[in-house]
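To start, the structure itself, in structure tokens.
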Amino acid sequence: MPIDYYIYLSVILFSIGVTGVLTRRNAIIVFMCIELMLNAVNLLLVAFSKMHHARAAVSDAATSIGTDGQLFVFFIMVVAAAEVSVGLAIIVMMYRNVHNVDINFLNRLKN
Amino acid sequence: MSLAPYIPLLPLAGFLINGIFRKQLSKTLTGIIGSGTILIAFALSVMVFNDVSAGNTGDIVLFDFISVADLHIPFAFKIDQLTSIFLLIITGVGFLIHVYSTSYMHEESNDHFARYFAYLNLFVFSMLLLVMGANYVIMFIGWEGVGLCSYLLIGYWFGNTAYNNAAKKAFIMNRIGDLGFLVAVFWMMQTFGAVGFDEIFAQLPGEASTATLTGITLCLFVGAMGKSAQIPLYTWLPDAMAGPTPVSALIHAATMVTAGIYMIARSNLMYALAPTTMMVVAIIGLSTAIFAGTIALKQYDIKKVLAYSTVSQLGYMFLGLGVGAFTGAVFHVMTHAFFKALLFLGAGSIIHAMHHQQDMRQYGGLRKYMPITHITMLLACLAIAGIPPFSGFFSKDEILVAAYAANPVYYYVGLVGALLTAFYMFRLYGMTFLGNFRGDTHHVPHESPAAMTVPLIILAILSVAGGLIGIPELFAENGHKLQQFLAPVFAKGEQQIAQHAHPSHSTEWMMIAVSVTLILLVIIFAINKYRKYQHTKDANTGFASVLENKWYVDELYDAVIVKPLIALGNLFNRMDTGVVDKLVNGVGRAVQYGSRQMRLVQSGNVGNYVLLMVIAIILLIRLVFYS
Amino acid sequence: MLLSSFIWIPLLAGIIAFALRSQLLIKQITLYCATVLAGLALFASCQPMGSHYLHHSSGWLATLGANFSLAVDGAGKITTLLTAISYPIILLATWNNNYSKPNSYYGLLMLTQAGLMGVFLATDALLFYFFWELALIPTYFLCSQWGGENRIQVSFKFFIYTFMGSLLMLVALIYVYFHTPDQSFAWESFKAATLSKQAEVYCFVLFFLAFAIKMPIFPFHTWQPDLYATAPTGTTMVLSGIMVKMGLFAVLRWLLPVFPEMSAIAAPYVIMLCIFGILYASLIAIRQDNIKRLIAYSSIAHIGLMCAALFANNTNSFEGAVIQLFSHGINIIGLWIVVDFIEQRTGITQMKQLGGLARSAPNLAIMLVVIALANVALPLTNAFVGEFLMFSGLFQMNIWYAVLAGVAIILAAVYTLGMIQKVFYGEATQIKFIADIKAAEAFALVSIIVMIVVFGVYPKPMLELGSEVWGTAKAAMAMAGK
């Protein structure tokens, strides 16, 4: 499958994520959109990694070229998981305190 | 000659002693120190004069004053015929006036009395520097120094604001002239690479073009206008009468105001080579003589009359210089020093007796009360009016004859000036000494003490006989001793002047006869008119009031120069805080305003930040990949 | 060693002063150090050119090519001598004043002296910049802590204004540094730097702005009158007597030799600006009623003349300006001493409210008159020699420069005599009586007057110092002029 499709898909996913972050006010949805952007990047990383590896494997089947991209993906997933746990905890605490998850409500540090 | 440097040092020592110990010294001691130093200086001057007569002239270099690269200005004195004459006048008349002052200023408290003598000594010191300097810079030191002393002495009674203003005016007017002098000095430095008289005159004629010389001499003449009170810078001199009367006699009549004449006489070679300047000098001198004479006709303050008369006589001297009669001008300086000092001291004697009343309308009949003052003043009036054989006749005649030779118009106008002089002097005499006493009859005036009358008598003798050293050819072969004496100084200058045909003896006799007759007629007319002067309340009208108000020249200067300058000062002052400083503050304010606006971007709203981030990324991509 | 002690002595004195509590002890120690320094400076100025005393160099920031190198030539001798002599005089003149927190006041004052000395001694551009700032910062605190009305605002403006100038200079400094042949901040390397025509113009302008603000000349002067009117008078003496000389000194040390061609090209414009500034400031001075502002504007006029003379590209004006650095410093400190005296006794600086003081304080009046006459450059006072040479130099360049600038000596007479008259003459208005001067002030004033007269009558020693130049500022300018 040509790389173009992966790129289009991840650009679409990323754009949906950005739009969501920019337009939605619900903290959970914003959060999900951030995850969406991360995953768009992950997808791209995996796709390019596979592409480079496939190209290198033609001459040398045992090569490890291109696999580091997939390693990044794992890093990102681990960090994202940690981030999700912290983020969700914050949102839960916020809901407990103010009974609301609207991010525009969280402007009290301003002024 | 080796004694010459002590001549100015003595008054300087007197100044320092009187100035520093002014609280400790008694009045007698102050007077002795003040007059004594001048007396010794006079004695030294006589010795120097004898030395010079024997032919010992030359320069004395004391030390290097300013020495930069190829410019060397030594602190040096020049002793020659011209200097020695001026030394005698300054120290001689100066000594008499010092003696006179011990009595005149006796009412002052101890320290102010000492302050007065300190200033007076400082003045003599500066004046001596002026005439002894061997280059234009040393002359300039004295030139400004006498201006300073004049300032200090006019404002001697510093409690009085009007006096202070007069003092300030004198200093500033002089400074305007000084700027001209200074520019001339720079010009000479550039043209001749030197400022010494000998170095400069040695390069002439030849080293400088006529245009350059005209520029230099005109600038120098601006200096002389300021110092010697010529049109247009004369207005300070009448105001300077605010000072004590002996000061007026010494500074504003006998010595300082003649500095301009000395300077031009000293630079005679340069002037002779610049005919345009000579013409300007003659015309300015002549117009000043007439102009000041007309004002003197209608003044009532005795000192003001004498002040305008001084301005007018100075004008004559410049006329003399302008037509190339350098000796005549110096001669008139000398005789004028005698009779004008005498007139001022006589006026001081009257003012002293009249308890500081200076208005002639309050005088009258003083002949009875003050016989010595009366006689001496009468002699002085005859001398200044130009009646033979009094001294003024010879000197004025010499100038007028030379003027006739240069251009008869000068002579006729000059003669009118002489008639004016005769008129206002005898108007003064009539109003003061003749008729009946018009003042407060409870305070009958009395003759002044000996310390005041003795100088009057000595000066009177000089005023009468002083002219005899300059008897013209007409009366006696080789009669003009002064001319022979000064010949070495003026020789080079007179060579350069196109010699006018000297009027024939018969013409000269005619001129003398006509002028003396006319002057006598004017005197008789003036005495008749003012002998029985009665004060009327009617204010002067028409032309007389214009004269009484001095042609409104002060008002004119005020409107044309002073007011606009002050307005400009105000404008700049407002501009400084309103525009320049506003601009500076504006930069600061702009920065503050800018940051206030920029601050709004930092809204604290994550959504905005993200949006900005996205836009920025898009722009970056555009920039990096598609540029 | 000698030269670095010029910096260490005031620095140490300042630090010691900070640690002390007793006001009298602080005054004594600072005065002692200042006097020792004056002696050393006098010794240094008697050394012939090229003496090993007059050079000092040790490592500093070697990686950058910056050294702690100090040296003096004639102009340096004159300015260090001025700095060293002024301090004891200033300390004595303000001996009877009491300041709150005297330890910080005197500490900062001495720190300033260290900075000033450094500016006059440094032959390394980075070191020069370092001291330039070192001199500025303590004065900011001095003015903002001990000043009068509006002190925070005014000293903040002063600080930002001059600091901005310094930063402009820093930019140019670094640029020139990168174009020196051996990547060094040394003065010699700076002179050898090769810049493109364009770059030279920019660097010249940046340097000139920094110095013009410091001097200050029109139109960069507006911080000055406010600051002088506000700052404590002791500080004002340092500011107007010495610190403004930094700008002029920097022009002759760093601007003219480093950019000789640009200086020659810019000279007519700079001179015209200066001359306009002279007339402008003089006319404003005539209209001032506050005596402190009057002196401030008079100083702007005098500084403008000195700046014009430095650019006039000939020996006379150059030497005149160099010796005038000293004369003007001494004279204006004298004026401030008198003003401080009047302010301390009466609390008044408006001339309208003063008057007739000559009656109760004749000695003070005499001294003011002498100093004021020096301010108007009367012959036989020190200022005459300098101004005479400066005017003659301007004249050689163009007759109209000398005539127009010369109008200022008339205006100077107008405002100076006006000041004397309004303060000392006339009838006493509000203040009926003030005590005449005391010993400490009298000593300070008398020493100033002695200097005025001695250098006025016998200026030779000063002129000889002025003609000593180890660099080739004059030679370089002369070459550029041809």
Side-chain angles (χ1 to χ4, degrees), chain B residues 19 22 63-71 75 111 115 129 137-138 140-145 147-148 151-152 155 158-161 163-165 167-168 171-172 174-176 178-179 182-183 185-187 189-190 215 565-566 568-573 575-577 580-581 583-585 587-588, chain C residues 157 160-161 218-223 225-226 280-288 315-316 319-320 356 358-359 362 365-366 369 373 376 378-380 384-385 388-389 391-392 394-396 399 402-403 406-407 409-411 413-414 417-418 421 424-427 457-460 463-464 466-467:
Chain B
R22 64 187 189 285
F63 56 87
D64 237 7
F65 181 52
I66 293 177
S67 179
V68 174
D70 44 1
L71 172 73
F75 206 106
D111 56 333
R115 184 165 64 91
L129 272 192
V137 174
I138 305 301
F140 184 72
I141 293 176
W143 191 268
E144 287 247 291
L148 166 71
Y151 163 76
L152 291 171
F158 56 75
N160 186 322
T161 310
Y163 292 2
N164 287 323
N165 286 338
K168 203 167 71 174
F171 193 82
I172 290 162
N174 270 308
R175 271 243 146 168
I176 297 173
D178 293 351
L179 178 62
L182 211 49
V183 168
V185 173
F186 299 145
W187 208 330
M189 273 160 61
Q190 198 182 34
L565 269 183
I566 287 179
L568 196 62
N570 281 335
L571 174 74
F572 280 165
N573 197 9
M575 198 170 115
D576 205 44
T577 45
V580 182
D581 202 27
L583 273 177
V584 174
N585 289 342
V587 172
Chain C
K157 181 171 165 186
I160 295 293
Y161 208 153
F218 176 84
F220 308 107
H221 63 277
T222 51
W223 59 267
D226 291 335
Y280 178 85
S282 304
L283 280 171
I284 293 179
I286 293 174
R287 301 305 300 156
Q288 292 302 315
T315 322
N316 282 6
E319 275 207 34
R359 233 168 258 291
I366 290 168
V369 169
L373 293 174
V376 299
L378 203 81
L380 297 188
F384 170 71
V385 184
F388 179 80
L389 288 173
F391 279 124
S392 75
L394 283 175
F395 183 91
Q396 284 178 29
I399 173 165
V403 173
V407 172
I409 66 170
I410 299 168
L411 297 176
V414 176
L417 298 184
Q421 181 182 353
F424 281 101
Y425 295 164
E427 286 304 321
V457 176
Y458 193 67
K460 207 174 173 188
L463 285 169
E464 275 169 5
S467 63

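The sequence lines fix the lettering, A, B, ..., with proteins before strands; numbering per chain opens at 1.
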Nearest 0.5 Å please: distance from the CZ atom of C:Phe384 over to the CG atom of C:Leu373.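 Those atoms lie 13.5 Å apart.
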Is it the side chain or the backbone of [X] that comes within 4.5 Å of chain C heavy atoms, both, or neither?
X: B:Leu571; answer: neither
X: B:Leu565; answer: both
X: B:Val584; answer: side chain
X: B:Thr161; answer: both
X: B:Val587; answer: neither
X: B:Leu71; answer: side chain
X: B:Trp187; answer: both

Please give me the minimum heavy-atom distance between [X] and [Y], naming the atom from each residue.
X: C:Phe391; Y: C:Gly406; answer: CE2-N, 3.6 Å
X: C:Leu463; Y: B:Val68; answer: CD2-CG2, 3.8 Å
X: B:Gly155; Y: B:Ala167; answer: N-CB, 3.6 Å

Would you mind checking which part of [X] comes under 4.5 Å of any heavy atom in chain B, side chain (CB onward), backbone (N, CA, C, O), both or neither?
X: C:Ile286; value: neither
X: C:Ile399; value: side chain
X: C:Phe220; value: neither
X: C:Tyr161; value: side chain
X: C:Glu464; value: neither
X: C:Gln421; value: side chain

Out of [options], return the one with the most heavy atom pairs under 4.5 angstrom to chain C.
options: B:Asn570, B:Asn160, B:Leu152; result: B:Asn570
options: B:Asn165, B:Val137, B:Ile176, B:Asp576; result: B:Asp576
options: B:Leu182, B:Asp178, B:Asp111, B:Asp64; result: B:Asp64
options: B:Gly588, B:Gly145, B:Gly147, B:Gly569; result: B:Gly569

Top contributor to chain B contacts, counting heavy-atom pairs under 4.5 Å, from C:Ile160, C:Leu411, C:Val369, C:Leu389: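 Result: the option with the highest number of such pairs is C:Leu389.
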Quick one: of C:Pro459, C:Ala413, C:Ser392, C:Gly418, who has the most non-hydrogen atom pairs under 4.5 Å with chain B?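 The candidate making the most pairs under 4.5 Å is C:Ser392.
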Is there a side-chain contact between C:Phe424 and B:Asn164, using heavy atoms and a 4.5 Å cut-off?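 In short, these two side chains do not touch, never coming nearer than 4.5 Å.
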With a 4.5 Å heavy-atom cut-off, do C:Asp226 and C:Thr222 have their side chains touching?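 No; the side chains remain at least 4.5 Å from each other.
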Would you sort out whether B:Val185 and B:Met189 count as a side-chain contact (heavy atoms from CB on, under 4.5 Å), showing the intermediate values? CA-CA 6 Å; B:Val185 173; B:Met189 273 160 61; 4.1 Å; yes
Do the rings of C:His221 and C:Tyr280 sit parallel, tilted or perpendicular, given the 30° and 60° boundaries?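 Judged by the thresholds at 30° and 60°, the geometry between C:His221 and C:Tyr280 is perpendicular.
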Tell me if the centroids of the rings in C:Tyr458 and B:Phe63 come within less than 6.0 Å of each other.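 That pair passes the under 6.0 Å test.
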Determine whether B:Tyr151 and B:Asn174 satisfy the following criterion, side-chain hydrogen bond (donor to acceptor under 3.5 Å, both in side chains), listing intermediate values before the conclusion. CA-CA 10 Å; B:Tyr151 163 76; B:Asn174 270 308; over 6 Å; no
For C:Ile284, is there any backbone N or O sitting under 3.5 Å from a side-chain donor or acceptor partner on B:Asn573?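 Flag not set: sc B:Asn573 to bb C:Ile284 has no pair under 3.5 Å.
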In plain terms, say whether C:Lys157 and B:Asp581 are close enough for a salt bridge, that is, a side-chain N and a carboxylate O under 4.0 Å apart.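 Yes, charged N to carboxylate O under 4.0 Å.
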